[in-house]
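Data block below; observations after.
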Amino acid sequence: MKRPSWDEYFMKIAHLVKERSTCLRRKVGAVLVKDRRILATGYNGAPKGLPHCAVTGCLRERMKIPSGERQELCRGVHAEQNAIIQAAVFGVSTKGATLYTTTFPCVVCAKLIINAEIKEIVYDAEYEDKLAKQILEEAGIKVRKYRKES
């Protein structure tokens, strides 16, 4: 009987979580884990109770804004942000946790990850944000690309 590694297990869950995303451009899922236990999950989409982008349309798409730019014009909350917020709402400490995310975090998420005292990020897909990579390195956050074991 072959069991998935812990990395594979949590990354598969992050990919399942992203299926709840309502973003029209990129679906992302995140899982916060500590001591091999899930603390919180998050996916990207409109704030709680507001219409989703499928209803309102994507302003950034209409304005032809490239990926990674002018994030303040997006009505969505990122998956990493939602996982951190969910932990806060339910009083769960993120200190020392590992974040599994389907896409490398942007600089805004990187700043939240640092202040949430998350110690490690495991990501699946690349997202080119040089400043995010720089500040995560400066903060001493361990970052590694997920590699599926055969």
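The analysis underlying the following values was restricted to heavy atoms, covering all of them including side chains, and did not include hydrogens, waters or symmetry mates.
Between the side chains of Thr103 and Arg26, no donor-acceptor pair of N or O atoms lies under 3.5 Å. Asp7 and Tyr100 share a donor-acceptor pair across their side chains, judged by distance under 3.5 Å alone.
The NE2 atom of His78 sits 5.0 Å away from the CD atom of Gln71 when rounded to the nearest 0.5 Å. The structure places CD1 of Ile121 at 4.0 Å from CD1 of Ile113, a figure rounded to the nearest 0.5 Å. Distance check, rounded to the nearest 0.5 Å: CD of Glu61 to OG of Ser67 gives 10.0 Å. With values rounded to the nearest 0.5 angstrom, Leu24 atom CG is found 11.0 Å from His52 atom NE2.
Side-chain contact between Glu120 and Arg144 is present, with heavy atoms from C-beta onward closer than 4.5 Å. Tyr127 places none of its side-chain heavy atoms less than 4.5 Å from the side chain of Thr101. For the pair Leu99/Glu80, a side-chain contact is recorded, criterion being any heavy-atom separation below 4.5 Å from C-beta on. Side-chain contact between Glu128 and Lys133 is present, with heavy atoms from C-beta onward closer than 4.5 Å.
The shortest heavy-atom contact between Ala110 and Ile135 is CB-CD1, 4.0 Å. The nearest pair of heavy atoms linking Asn82 to Asn44 is ND2-CA, 4.5 Å. Residues Ile85 and Val77 come closest through the heavy atom pair CD1-CG1, 4.2 Å. When all heavy atoms are compared, the tightest approach of Pro47 to Arg75 is CD-O, 3.0 Å. The minimum heavy-atom distance between Pro105 and Asp129, with the atom names listed, is O-CB, 4.5 Å. Closest approach of Ile118 and Ala97 over heavy atoms only: CG2-O, 3.2 Å.
Between Thr41 and the choices Lys18, Arg20, Gln86, the side chain to side chain contact (heavy atoms under 4.5 Å, CB included) rule is met once, by Gln86. Remark: of the listed residues Asn115, Leu32, Leu39, Leu32 is the sole one forming a side chain to side chain contact (heavy atoms under 4.5 Å, CB included) with Ile84.
At least one donor-acceptor pair under 3.5 Å links the side chain of Thr94 to the backbone N or O of Ala116. Panel note: side chain Thr102, backbone Gly29; a donor-acceptor pair is recorded below 3.5 Å. Checking side-chain atoms of Arg60 against main-chain N and O of Glu69 turns up a donor-acceptor pair under 3.5 Å.
The neighbour count for Tyr9 OH, taken as heavy atoms of other residues, nucleotides or ligands under 6.0 Å away, does not exceed 12. In this structure, Glu8 places its CD atom where more than 12 heavy-atom neighbours from other residues, nucleotides or ligands lie under 6.0 Å away. A 6.0 Å sphere centred on NZ of Lys34 holds more than 12 heavy atoms belonging to other residues, nucleotides or ligands. Shown here is Arg62, whose CZ atom has more than 12 heavy atoms of other residues, nucleotides or ligands within 6.0 Å.
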Go through the steps for Lys119 and Glu117 under the test salt bridge (charged side-chain N to carboxylate O under 4.0 Å, His left out), then give the verdict.
CA-CA 6 Å; Lys119 69 171 182 172; Glu117 298 187 31; over 6 Å; no
Does Met63 form a side chain to side chain contact (heavy atoms under 4.5 Å, CB included) with Leu73? I'd like the steps, not just the answer.
CA-CA 10 Å; Met63 296 175 72; Leu73 295 177; 4.1 Å; yes
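Hydrophobic clustering of Ile, Leu, Val, Met, Phe, Trp and Tyr side chains at less than 4.5 Å, counting indirect connections, unites Phe104 with Leu131. No continuous path of hydrophobic side-chain contacts links Ile65 to Val108 [ILVMFWY only; heavy atoms under 4.5 Å]. Two different hydrophobic clusters hold Val28 and Val122 under the rule that ILVMFWY side chains link at heavy-atom gaps under 4.5 Å. The cluster map of Ile, Leu, Val, Met, Phe, Trp and Tyr, joined by side-chain heavy atoms under 4.5 Å apart, puts Phe90 and Leu112 in the same cluster. Both Ile38 and Tyr146 are part of a single hydrophobic cluster, where members link through side-chain heavy atoms under 4.5 Å apart.
Using a 30° and 60° split on the angle between ring planes, Trp6 and Phe10 fall in the parallel class, below 30°.
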